[in-house]
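For reference, the structure is listed below as structure tokens.
Just the heavy atoms: all of them, side chains too, but no hydrogens, waters or symmetry mates, feed the values below.
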Amino acid sequence: MKNYRGAVLLMVPGIGIVLAFLVLPLANVVEESFRLFEPGRIGAAKDAPYTLFNYAELLNTNYLYYFVETARIGLIASITGLILGFPIAYFITRRLRAIWRKIAIGFLVGIMFISTLIRVYALQLTFGPTGIAKILSGLLGVSMNGRFYTELIVIFGLLHYLVPIAAITLLGTIQNINPRLSEAAQALGASRWMAHLSITVPLCIPGLLSAFLISFTLCLSAFVVPMILGKGKILFVSNLIYARFSEISNYPSGSAISIIMLVLSLAIIYGVTYVVSKRLVKY
Amino acid sequence: MAVVELKNVTKRFGGFTAVEDVTFSLGKGDILSLLGPSGCGKTTTLRMIAGFENPSEGDVLISGESMLGKRPYERNVGLLFQDYALFPHMTVQQNIAYGLKRRKFDRGALDDRVGEMLGLVKLEGLADRRPSQLSGGQQQRVALARALATSPEVVLLDEPLSALDAKLRQELRIELKQILSAVDATTIIVTHDQEEAMSLGDSLIVMNEGRIVQEGSPTDIYKNPTSRFVAEFIGRSNWFSGKLGKDGDDDLVEFSISKDISFLIHRPDHDAGAYDVCIRPERIRTEDRQDLQQISEYCNHLQGVVRDVAHLGADIHTLVELANGEMLTICQPYTGQSLRQHGERVGLAFRPSDCIVISSTT
């Protein structure tokens, strides 16, 4: 306990910064979300009365739709990202030689450093009207201006960074699984697939969980991807928040949506973590 | 009929030959140790029997049936890994039941068999524990129970005792042997540890650079190594190089290691020109000089000066320097005698039959 005071002193600047730049603005958002908004103003008046209207308003099905759509597309994209990322991670850790492994990991990390804007326009160029939109939508039997095709392109946009993130997150998990376990299972009479499904995959659950949570929270907060690739047909909650703040200057409503989003995200993270750690991970 | 038979098995990885022309067979209940330094091909041999690798040439037969192209799960082989490879997300019970489930045992038979295996390895009452809650020795027993549960035709053990500390090793070695003989398991043990190989195996195969260099009973190989590699790999040894001199009585011949130092050895069978002689440290006796002439059966006598004495508990290791500067290690059981002193002059006595003669070219 001798250095206790010293340790506290060292923490002061960090705590100060967290308070000043994180907690305080967030508290401000919470406060704003309970203020009454008068149309035409920029934000709520200083002395505006407190109200629950900004929250009550969100129960309207039109608003709920944004939340449901964000969660639905986010879920599809996250799970697809995991399904695509897992074999990549498995291949890199188990099949590649050291030098190629480094190159592959470097490539994955490299992709993540590309600006979202660039990847979005690259996808737009490739899969948009000037690209192969006609061919691809024709193959799928849908209109290239229709909702389905737009949603598909948004999911592509999300996958562009979800796949590398999922693969990188899973690298460590797979690396830590003893390859002898799968061999032991095979020696005991399990086919390769059976060994994979009954041994390797269950042991990857903690890694799959963290990869899923990272992917899903990234989807929930996605902004540029739905804005540009969604072409107004697909709007995520972030886009709604943006519209509230910058287009109609309804700060209280934007704040309320942000708070709901924050609470929902945290609830999902804790909920999923709790269920998985209690039910599935037993060792 | 042989349970396991390897016929001229060769395995190449690219341009590297890991195993070359290996042939051996095992009958029901035999325990064979494959011994060699790391990279000698013993593990590759084991993996070919288990089905994780396919031979480039030759054939692996189990119960007379060729295993070429058969996957591990299509063979009936029990495998115990060095690190046990217990499934961490399963209980002891589930670990042991894993192979039985794959072989479609029904519920009742499965429970009976798991119970039986737990009894065999003396782990009743721990069925619901997870591997992380067990000690190293207990984990090893679970791994053994898991490997034996499906009554495999052949049991493969990869360095079974190396992960355990010295005291536990001794205990588990005895237990392992009892368990293997209780189920009459045909067993192949792969190890680089000569003690493990010699104590567990009824017969021994020494491998080096992919080839079998010698096979026989542990005692036979220790007593009559046919190459310097085997003699050095198994047990400690003192080496002399020298020339054959004039003949002595019977089949004895003089072996001179320097101008004034020579002793008698048995005449080697083949005339190879140059020879190395190996004397095991425990075969040499140190004597006070005056007593030397009285012990006639130790007809070889050398003189030396004690350079180091180490008392290791049950054994005493004495380092003696000969007149030509060569050092010899002598290992004697401690029976309460007083230890030699540094700088003390001693006589060394050994029999011609204690000298292992190996042609220098091997």
(message) Taking CD in Q133(B) as the centre, count heavy atoms belonging to other residues, nucleotides or ligands within less than 6.0 Å. Is the count above 12?
(response) yes
(request) Grab the two heavy atoms, one from A190(A) and one from Y98(B), that are nearest each other, plus how far apart they are. (result) CB-OH, 3.5 Å
(request) Against chain A, work out which of R47(B), R75(B), R102(B), E74(B) has the most heavy-atom pairs shorter than 4.5 Å and name it. (result) R102(B)
(message) Heavy-atom cut-off 4.5 Å, strictly under: side chain, backbone, both or neither for D83(B) against chain A?
(response) side chain
(message) Counting neighbours of CE on M112(A) that are heavy atoms of other residues, nucleotides or ligands and sit closer than 6.0 Å, is the number greater than 12?
(response) yes
(message) Please check: side-chain N/O of R146(B) versus main-chain N/O of L188(A), any donor-acceptor pairing under 3.5 Å?
(response) no
(request) Taking the side chain as every heavy atom from C-beta outward, state whether F52(B) and Q186(A) have any pair of such atoms under 4.5 Å apart. (result) yes
(request) Assess whether atom CD of E209(B) is packed by more than 12 heavy atoms of other residues, nucleotides or ligands within 6.0 Å. (result) no
(message) Taking CZ in F107(A) as the centre, count heavy atoms belonging to other residues, nucleotides or ligands within less than 6.0 Å. Is the count above 12?
(response) no
(message) Is the shortest side-chain heavy-atom distance between I199(A) and M90(B) below 4.5 Å?
(response) yes
(message) Around atom CZ of R72(A), are there more than 12 heavy atoms from other residues, nucleotides or ligands closer than 6.0 Å?
(response) yes
(request) Inspect the surroundings of NZ in K7(B) and state if more than 12 heavy atoms from other residues, nucleotides or ligands are less than 6.0 Å away. (result) no
(message) With a 4.5 Å cut-off on side-chain heavy atoms, are F87(B) and S198(A) touching?
(response) no
(message) How about NZ on K28(B), more than 12 heavy atoms from neighbouring residues, nucleotides or ligands closer than 6.0 Å, or not?
(response) yes
(request) Locate the shortest heavy-atom distance separating P202(A) from H89(B); write the atom from each residue and the value. (result) CB-CD2, 3.6 Å
(message) Atom CD1 of residue position I99(A) - does it have more than 12 heavy atoms of other residues, nucleotides or ligands inside 6.0 Å?
(response) no
(message) When you compare the side chain of P88(B) with that of L181(A), does any pair of heavy atoms fall below 4.5 Å?
(response) yes
(request) Find out whether F81(B) and E183(A) are in side-chain contact, i.e. whether some heavy atom of one side chain is under 4.5 Å from a heavy atom of the other. (result) yes
(message) Side chains of Q82(B) and R180(A), heavy atoms from C-beta outward: is any pair under 4.5 Å?
(response) no
(request) Measure L86(B) against the heavy atoms of chain A and call it side chain, backbone, both or neither at under 4.5 Å. (result) backbone
